[in-house]
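One structure below.
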Amino acid sequence: MTSTAPAHCPDLGTALAAWFTATARPLPWRSPDRTAWGVLVSEVMSQQTPVARVAPIWLDWMDRWPTPQAFAQAPTAEVLRAWGSLGYPRRALRLQECARVIVDQYGGEVPADEQALLALPGIGTYTAAAVMAFAFGRRSVVVDTNVRRVLARTVGGEALPSPSLTAAEMSRAAALVPADDASAALWAASSMELGAVVCTARAPRCDDCPVTALCAWRAAGYPADPHAARRRSQAWAGTDRQVRGKVMGALRAAHGPVPSAVIDLVWPDATQLSRCIAGLVEDGLIAQTGEAYHLPVEVG
DNA sequence: AAATCGGGGTA
DNA sequence: TACCCAGATTT
């Protein structure tokens with residue numbers, strides 16, 4: 001295989017490819033009979049949600065709605081219930097919009113074109129690149145939180161990447177992608193897998209790492225995170241996100257409209273609750289009929 | 001560049 | 001408790 005890797009780490013890609021081929025997790029969307037649509041669904045579900053939580057939902061989802069055509073016609077309320085507690089339920093709405101665009105504009109086939117993918121609802125830089133690599137076996141620059149960390153350590157010599165993705169990071173990542181499609185797709189999968197399984201954020205398993213000999217962070221003596229001072233933990237308790245989640249949870253659990261008097265019980269701060277309800281309605285995640293709220297239902 | 005948007009598992 | 005997770009979109 002050809003490689004564009006710089007001379008100072010000549011076989012990072014080769015070592016990771018061999019390791020990945022031998023040890024890759026049998027994730028359901030990696031099955032030989034996977035479809036491009038299934039890969040796309042798995043990537044959207046995995047945006048900020050650990051794959052271990054995604055897998056069972058994905059299996060049920062693909063059984064119910066195996067194609068963009070089937071999913072495009074699904075009742076939105078059922079889609080949101082099936083999404084369950086994966087989080088960020090707007091992703092489910094966008095995924096359905098995405099399916100409808102694929103049906104209407106691409107004959108029901110996921111486009112094998114990165115720019116076309118980028119234009120789809122809910123598909124950003126990472127997901128478009130991931131679909132190109134994992135669904136179509138095409139060369140792309142796949143940079144997720146795992147790849148960022150792996151490159152920050154092995155190449156950059158730092159404990160963790162900067163808080164937000166930088167242009168310099170993307171350039172470095174792009175320079176490391178092999179030239180041919182098959183090698184590039186394997187590099188994407190293996191560099192992500194290393195970050196997910198071995199080169200983890202909390203307690204990296206360096207003893208089990210296939211590229212310790214090439215790791216700049218290890219060579220430097222595992223220096224502490226240089227960006228630690230600029231990281232801030234994300235608040236949760238008492239936020240609108242928590243309140244929105246409680247409202248969504250109540251409506252998912254019900255199989256019909258829920259009286260507003262019942263919704264009022266999910267959160268004690270009436271001002272915050274009504275702001276969150278209004279936001280959910282605005283986002284199309286819930287709807288109001290009379291004095292009750294319910295998951296959205298398509299109107300004729 | 002910073003804010004917003006869920007929720008559960010883990011140390 | 002705090003941190004993290006195959007990010008995208010809007011301001």
Side-chain angles (χ1 to χ4, degrees), chain A residues 20 24-25 27-30 38-58 80 83-95 97-98 117-135 140-151 159-167 169-170 173 185 187-197 199-205 225 227-228 230-252 275-276 279-280 282-285:
Chain A
F20 179 82
R25 296 167 295 172
L27 299 176
W29 45 88
R30 287 176 175 169
V39 171
L40 190 156
V41 171
S42 79
E43 293 300 339
V44 171
M45 287 183 173
S46 300
Q47 291 165 358
Q48 295 292 283
T49 302
V51 297
R53 289 178 57 200
V54 168
I57 303 293
W58 184 90
L80 290 171
W83 191 260
S85 60
L86 284 181
Y88 297 143
R90 294 192 292 197
R91 290 183 291 165
L93 296 184
R94 288 179 178 142
L95 187 56
E97 296 169 18
C98 181
L117 289 167
L118 264 177
L120 294 171
I123 308 297
T125 306
Y126 161 75
T127 304
V131 170
M132 289 302 292
F134 305 143
S140 63
V141 182
V142 176
V143 180
D144 76 325
T145 188
N146 292 304
V147 174
R148 292 189 66 211
R149 187 173 54 251
V150 166
L151 296 187
L160 291 171
S162 62
S164 56
L165 179 60
T166 65
E169 249 183 299
M170 282 302 290
W187 161 252
S190 57
S191 56
M192 280 180 63
E193 186 85 351
L194 187 76
V197 175
C199 195
T200 55
R202 290 284 184 85
R205 301 167 53 195
D225 175 19
H227 313 98
R230 287 184 290 124
R231 297 185 196 284
R232 57 182 65 184
S233 62
Q234 41 188 335
W236 170 244
T239 60
D240 283 7
R241 284 156 69 192
Q242 184 184 22
V243 178
R244 287 166 58 105
K246 285 186 176 297
V247 173
M248 289 301 295
L251 296 191
R252 277 199 310 270
R275 176 176 71 240
C276 289
L280 289 168
E282 177 70 18
D283 291 342
L285 285 164

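To find a chain, count down the sequence lines: A is the first, B the second, and so on, and within it residues start at 1.
- Put simply, the side chain of A/Thr49 and the base of B/dG8 share no donor and acceptor less than 3.5 Å apart.
- Base engagement by A/Gly87 is indicated by at least one non-hydrogen atom pair under 4.0 Å involving a base atom.
- Within 4.0 Å (heavy atoms only), A/Ala130 reaches no atom of the nucleic acid at all.
- Counting only heavy atoms from C-beta on, A/Gln48 has its side chain closest to B/dG6 among B/dG6, C/dA6, B/dG9.
- At the heavy-atom level, A/Arg148 lies nowhere under 4.0 Å from the strands shown.
- Between A/Arg94 and C/dG7, a side-chain N or O to OP1/OP2 separation shorter than 4.0 Å is absent.
- Within the 4.5 Å cutoff, the side chain of A/Arg205 has heavy atoms near those of the A/Val197 side chain.
- Set against B/dG7, C/dA6, C/dC4, the side chain of A/Ala201 has C/dC4 as its closest nucleotide.
- Counting any heavy atom pair closer than 4.0 Å across all strands shown, A/Ile123 reaches sugar-phosphate atoms only and no base atom.
- When heavy atoms are screened at a 4.0 angstrom cut-off, A/Leu285 is found touching no nucleic acid atom at all.
- Within the nucleic acid shown, A/Arg252 comes within 4.0 Å of sugar-phosphate atoms alone, with no base atom in reach, counting heavy atoms only.
- Within the 4.5 Å cutoff, the side chain of A/Ser162 has heavy atoms near those of the A/Arg148 side chain.
- Nucleic acid contact class of A/Trp29 (heavy atoms, under 4.0 Å, all strands): base.
- Counting only heavy atoms from C-beta outward, the side chains of A/Val147 and A/Val150 never approach each other to under 4.5 Å.
- Side chains of A/Val247 and A/Arg244 form no contact here, defined as non-hydrogen atoms less than 4.5 Å apart.
- Within the nucleic acid shown, A/Arg244 comes within 4.0 Å of sugar-phosphate atoms alone, with no base atom in reach, counting heavy atoms only.
- When distances are taken from the side chain of A/Arg90 to each of B/dG7, C/dG7, B/dT4, the shortest belongs to B/dT4.
- The nearest heavy atom of DNA chain C to A/Arg30 and to A/Gly122 marks one nucleotide each, and the one closer to the 5' end goes with A/Arg30.
- Atom name C1', nucleotides B/dG6 and C/dC5: the rounded distance is 11 Å, in whole Å.
- Side chain of A/Pro50, nearest nucleotide from B/dG7, C/dC4, B/dC5: B/dG7.
- Considering only side-chain N and O atoms, A/Ser85 lies nowhere under 4.0 angstrom from the phosphate OP1 or OP2 of B/dG7.
- Contact check, A/Thr125 against C/dG7: no side-chain N or O comes under 4.0 Å of OP1 or OP2.
- Residue A/Arg230 places no side-chain atom within donor-acceptor reach of the base of B/dA1, judged by atom type and a 3.5 Å distance cut-off alone.
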Checklist entry - So A/Glu43 and A/Tyr126, side-chain hydrogen bond (donor to acceptor under 3.5 Å, both in side chains) or not? Walk me through it. => result CA-CA 9 Å; A/Glu43 293 300 339; A/Tyr126 161 75; 2.7 Å; yes
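- Ranked by how close their nearest DNA chain B nucleotide is to the 5' end, A/Ala203 and A/Met248 are led by A/Met248.
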